[in-house]
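In the text below, chain A, chain B and the rest are named by the order of the sequence lines, each starting its count at 1.
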Amino acid sequence: MQKNRTINVENSINSGQVFLWKRNGDYWYGINGQDILRVDKNGIINSFQNSKVDFFRKNDNLDDIIKSVSKDKTVRRALKQYSGLRILRQDPFQCLISFIVSSNSNIQKIKMSLEKLSKKFGVKAKYENEEFFLFPKAEKLAKASINEIKSCGVGYRAKFINEAAKMILFKKIDFEFLKNCNYHETKENIRTIPGVGNKVADCVMLFSLEKLEAFPLDRWMIRVLEKYYSNKFQIDTTTITEKQYDVLHEKIVKHFGPYAGYSQQFLFKMERENYQKKWL
DNA sequence: CCATGGCCTGTGGT
DNA sequence: AACCACAGGCCAT
């Protein structure tokens, strides 16, 4: 008996996972690496490159996952309220650059920067009579100058972007290999990329490297933990140190289980909606 | 190991 | 109008 199978496309796209998406009539259009995806309201995908990427992770067993993470009242409320919200399986390079850009920023600005990067360094493509810019390839960003990258409004993150691209180009980082590594190995590896701390690493792992136990702890999730989970996870300081992050993550996985990342996405969505924060 | 401050830049508030 | 606080962190000290 399968339940919970409907996908809420709107909520999934508007949940802080992706930035290069726009609605046009009945469809959402988005850039995923070197591909353009067109999604209808049921989550049916048409792909520019005819790729068969399972972007909404339809093959995940949502019944099992929801059962697994339904550990307390708060998360059950979020699961119910935003049912149909999915973790999106993204292109790893785009995801990496997106979350390097995201640090100390906000959604509108992140989107603007990524659009500028794509327009300046990405390939122009025509899909359904409309122009798009694919996400820049690593090689292009690796060979760009810092100032060229800065012209996209990314500020001090420009050199991080350039370094990250070089590490991909020179295969210091191999995403396909990392998909088959465990959480800790993967995290250790991608944290060698400049601009990638605990939070960014968890986002990249959850959204593009198949690590569903990754549980990104940003200021919103810290707020959630303080508000609803103060008895379970104690947070005593305002700035969370590296050690505390690790300890906290361990407790969180002990509580929510191996699909903790799914619970994070629902709780994050809920809290931002409570504050009526804007999305794309 | 922990604490602090600085950082590009666009936006919204005073 | 000019200025300031702030934003889905990270890094060097």
Engineer: Check the distance between B:dT9's P and A:I149's CD1 and give it to me in whole angstrom.
Structural biologist: 14 Å

Engineer: Could you give the distance separating B:dA3 and C:dG8 at their C1' atoms, to the nearest angstrom?
Structural biologist: 22 Å

Engineer: Verify the contact: side-chain N or O of A:R272 to OP1 or OP2 of C:dG8, cut-off strictly under 4.0 Å; return yes or no.
Structural biologist: yes

Engineer: Which comes earlier along DNA chain C counting from the 5' end, the contact point of A:W279 or that of A:I193, where each point is its nearest nucleotide?
Structural biologist: A:W279

Engineer: Between B:dC7, C:dG8, C:dC11, which nucleotide gets closest to the side-chain atoms of A:Y156?
Structural biologist: B:dC7

Engineer: Is A:G16 touching bases, backbone alone, or none of the nucleic acid, heavy atoms closer than 4.0 Å?
Structural biologist: base

Engineer: Test for a donor-acceptor pair under 3.5 Å between the base of C:dG9 and the side chain of A:R219, counting only N and O atoms.
Structural biologist: no

Engineer: Scan side-chain atoms only and decide if A:Y259 and A:D60 contain a donor-acceptor pair under the 3.5 Å cut-off.
Structural biologist: no

Engineer: Indicate yes or no for a side-chain donor-acceptor contact from A:D91 to the backbone of A:N32 under 3.5 Å, with no hydrogens or angles considered.
Structural biologist: no

Engineer: Under 6.0 Å between the ring centres of A:W21 and A:F55?
Structural biologist: yes

Engineer: Please give the nucleotide sitting opposite B:dC8 as a Watson-Crick or G-U wobble pair, both distances under 3.5 Å, or none.
Structural biologist: none

Engineer: Taking CG from A:L225 and P from C:dG8, how many angstroms apart are they, rounded to a whole number?
Structural biologist: 17 Å

Engineer: Would you kindly check whether a donor in the side chain of A:Y245 faces an acceptor in the base of C:dG9, or vice versa, at under 3.5 angstrom?
Structural biologist: no

Engineer: Once you round it to whole Å, what is the distance between C1' of C:dG8 and CZ of A:R223?
Structural biologist: 10 Å

Engineer: How many Å lie between CZ on A:F99 and P on C:dG9, as a whole number?
Structural biologist: 11 Å

Engineer: Looking only at side-chain N and O atoms, does A:T241 offer a donor or acceptor that is under 3.5 Å from a partner on A:Q244?
Structural biologist: yes

Engineer: Identify each donor-acceptor pair in which a side-chain atom of residues 213-227 of chain A lies under 3.5 Å from a protein atom, sequence neighbours left out, and give them as a table.
Structural biologist:
residue : atom : partner : partner atom : Å
A:D218  : OD1  : A:W220  : N            : 3.2
A:D218  : OD1  : A:M221  : N            : 2.8
A:K227  : NZ   : A:E271  : OE2          : 2.8

Engineer: For A:T239 and A:K278, find the nucleotide of DNA chain B closest to each by heavy atoms; which residue's nucleotide sits nearer the 5' end?
Structural biologist: A:T239

Engineer: Quick one, which residues of residues 247-264 of chain A touch DNA chain C with a heavy atom under 4.0 Å?
Structural biologist: none

Engineer: Quick one, which residues of residues 100-109 of chain A touch DNA chain B with a heavy atom under 4.0 Å?
Structural biologist: A:N104, A:K109

Engineer: From CG of A:D246 over to P of B:dC2, roughly how many Å is that when rounded to an integer?
Structural biologist: 10 Å

Engineer: Write down the distance between CZ (A:F160) and P (C:dG9), rounded to a whole number of angstrom.
Structural biologist: 14 Å

Engineer: Touch check for A:P216, heavy atoms < 4.0 angstrom, all strands: base, sugar-phosphate only, or nothing?
Structural biologist: nothing

Engineer: Take a 6.0 Å sphere around NZ of A:K41 and say whether it holds more than 12 heavy atoms from other residues, nucleotides or ligands.
Structural biologist: no

Engineer: Check every atom of B:dC2, B:dG10, C:dG9 against the side chain of A:K243 and return the nucleotide holding the closest atom.
Structural biologist: B:dC2

Engineer: With both distances under 3.5 angstrom, what nucleotide forms a Watson-Crick or G-U wobble pair with C:dT13?
Structural biologist: B:dA3

Engineer: Round to a whole Å and report the spacing from CG of A:L114 to C1' of B:dG10.
Structural biologist: 15 Å

Engineer: Taking B:dT11 as the reference, what is the distance to C:dC10 when you measure between their C1' atoms (whole Å, please)?
Structural biologist: 22 Å

Engineer: Using a 4.0 Å heavy-atom cut-off across all strands, classify A:M221 as base, sugar-phosphate, or nothing.
Structural biologist: nothing

Engineer: Students often mix this up, so state it plainly: with edges at 30° and 60°, are the rings of A:Y27 and A:Y29 parallel, tilted or perpendicular?
Structural biologist: perpendicular

Engineer: Rounded to the Å, how far apart are A:E242 CD and B:dC1 P?
Structural biologist: 9 Å

Engineer: Heavy-atom count around A:K58 NZ within 6.0 Å, excluding the residue itself: above 12?
Structural biologist: yes

Engineer: Are A:E185 and A:F177 side-chain neighbours, meaning at least one heavy-atom pair lies under 4.5 Å?
Structural biologist: no

Engineer: So that I know where these two stand, are A:F207 and A:F99 an aromatic pair - ring centroids less than 6.0 Å apart?
Structural biologist: yes

Engineer: Taking the side chain of A:V200 as heavy atoms from C-beta outward, which of B:dG10, B:dA3, C:dG9 is closest to it?
Structural biologist: C:dG9

Engineer: Would one find more than 12 heavy atoms of other residues, nucleotides or ligands at under 6.0 Å from atom CG of A:N182?
Structural biologist: yes

Engineer: Determine the interatomic distance between P on C:dA2 and the same-named atom on B:dC8; round to the nearest Å.
Structural biologist: 24 Å

